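Notes to accompany the following structure.
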Amino acid sequence: MLLTRSLFDECPAPYAAPEPIAPGAALLRGFALDQAEALLQAARQVIAAAPLRHLKTPGGRVMSVGMSNCGALGWVSDSTGYRYSSTDPLSGQPWPSMPACFAELAMQAAAEAGYEGFAPDACLINRYEPGARLSLHQDRDESDLGAPIVSVSLGLPAVFLFGGLQRSDRPARWRLAHADVAVWGGVSRLAFHGVAPLADGEHPRLGRQRINLTFRRAG
Ligand code: SIN
Ligand code: FE2
């Protein structure tokens, strides 16, 4: 079973067309395939300068997802709340700048989904190990809610939960595999979303982990 799955992921289908998942939201399967290696290399450099860390929620829980940021602004959480910060609280230094290949891919994916001119100033890097999850939430700490969110998946596949504008709306479940890109904006910009606990597996390139890059216009 595991063997079948990893062989399958090793030969993903090339990108074909956006797949609508909700009004204003689309899945671009395989869109990042050609750039995946460059993205991973750049992510490794960002993480070397601003290490992944498990943030505390305002409620005092430690998040299971390891996080870092690059770009002018980075998303952080601590006992005082969620916010964007221009510096890494671990070092007091500005976040690493956003690699050109990150910004370019995010801009192209946004345009492909119908959002021309997306210029992200923040990229949250999320690392999931088996069992890590992200509970249902809205991305609403950004000052520009007119810009979409662009989310790039690398490594082990995850189940992405994409709901409606109410927390109580039952989310649909979408498989996000290596090189898949999800984009949501417009009337879905504030949709509740999350990630189900990551199933264990072995990705041919990344091993037992999933890396997600989430691009935002935060400032
Ligand atoms: C997020 O909601 O910030 C991340 C989503 C994901 O990991 O796919
Ligand atoms: Fe989110």
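Remember, predicted model here, so these are calculated numbers, not experimental data.
The structure places CG of D34 at 10.5 Å from CG of L39, a figure rounded to the nearest 0.5 Å. Rounding to the nearest 0.5 angstrom, the gap separating the CG atom in L136 from the CZ atom in R170 is 11.5 Å. Note: L154 CG to I211 CD1 = 7.5 Å, rounded to the nearest 0.5 Å. Note: L90 CG to S68 OG = 8.5 Å, rounded to the nearest 0.5 Å. One distance of note links OH of Y84 with CZ of R216; it measures 4.0 Å at 0.5 Å rounding. The distance from the CE atom of M67 to the CG atom of L124 is 5.0 Å, given to the nearest 0.5 Å.
In the hydrophobic cluster analysis, where Ile, Leu, Val, Met, Phe, Trp and Tyr join through side-chain heavy atoms closer than 4.5 angstrom, V181 is grouped together with L40. No chain of hydrophobic side-chain contacts below 4.5 Å, direct or via other Ile, Leu, Val, Met, Phe, Trp or Tyr residues, connects L33 to V183. Linking ILVMFWY residues whenever their side-chain heavy atoms come closer than 4.5 Å, directly or via other members, places W75 and I149 in the same cluster. A chain of hydrophobic side-chain contacts below 4.5 Å, direct or via other Ile, Leu, Val, Met, Phe, Trp or Tyr residues, connects L105 to L206.
In this structure, V195 and R133 have side chains that are not in contact, with every pair of non-hydrogen atoms separated by 4.5 Å or more. Inter-residue side-chain proximity for D139 and W184 is flagged as met; some heavy-atom pair is nearer than 4.5 Å. Here the side chains of P18 and E112 are in contact, with some heavy-atom distance below 4.5 Å. Between R208 and L198 there is no side-chain heavy-atom pair separated by less than 4.5 Å. Using a 4.5 Å cut-off on side-chain heavy atoms (C-beta onward), L27 and L176 make contact. Two residues are said to be in side-chain contact when any heavy atoms from C-beta on lie closer than 4.5 Å; V152 and F215 meet this criterion. Inter-residue side-chain proximity for L161 and F192 is flagged as unmet; no heavy-atom pair is nearer than 4.5 Å. Here the side chains of D88 and R53 are in contact, with some heavy-atom distance below 4.5 Å.
Under a 3.5 Å cut-off, the side chain of D121 and the backbone N or O of A218 do form a donor-acceptor pair. The backbone N or O of G146 sits nowhere less than 3.5 Å from a side-chain atom of Y115 that would complete a donor-acceptor pair. A donor-acceptor pair is defined here as one N or O able to donate and one able to accept, closer than 3.5 Å; such a pair exists between the side chain of S143 and the backbone of G219.
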Exercise for review: Let me see the working for Y128 and L156 under side-chain contact (heavy atoms from CB on, under 4.5 Å), right down to the final yes or no.
Suggested key: CA-CA 9 Å; Y128 297 74; L156 283 180; over 6 Å; no
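Residues forming a side-chain contact (heavy atoms from CB on, under 4.5 Å) with S86 (at least two apart in sequence, or on another chain): L73. For R61, the side-chain contact (heavy atoms from CB on, under 4.5 Å) partners two or more places apart in sequence, or in a different chain, are T57. Here A42 pairs with P99, C101, F102 under the side-chain contact (heavy atoms from CB on, under 4.5 Å) rule; sequence neighbours left out.
In this pair, H178 and H203 present their aromatic rings tilted. The plane angle is within the 30 to 60° band.
For the pair F162 and A22, the tightest heavy-atom approach, listed with the atom from each and the gap, is CE2-CB, 3.7 Å. Shown here for F118 and R217, the closest heavy-atom pair between the two residues is CE1-N, 4.0 Å. Nearest approach of F160 to A182, heavy atoms of both residues: CE2-CB, 4.3 Å. Shortest non-hydrogen contact noted between W95 and T87 is NE1-O, 3.4 Å. Heavy atoms only, all atoms of each residue included: S64 and H54 are closest at O-CE1, 3.2 Å. Closest of all the heavy-atom pairs between A106 and P120 is CB-CG, 4.0 Å.
Among the candidates L52, L55, I125, L134, the single residue satisfying the side chain to side chain contact (heavy atoms under 4.5 Å, CB included) test with V65 is L134. With S153 as the fixed residue, the side-chain hydrogen bond (donor to acceptor under 3.5 Å, both in side chains) test singles out one of R210, R175, R29: R210.
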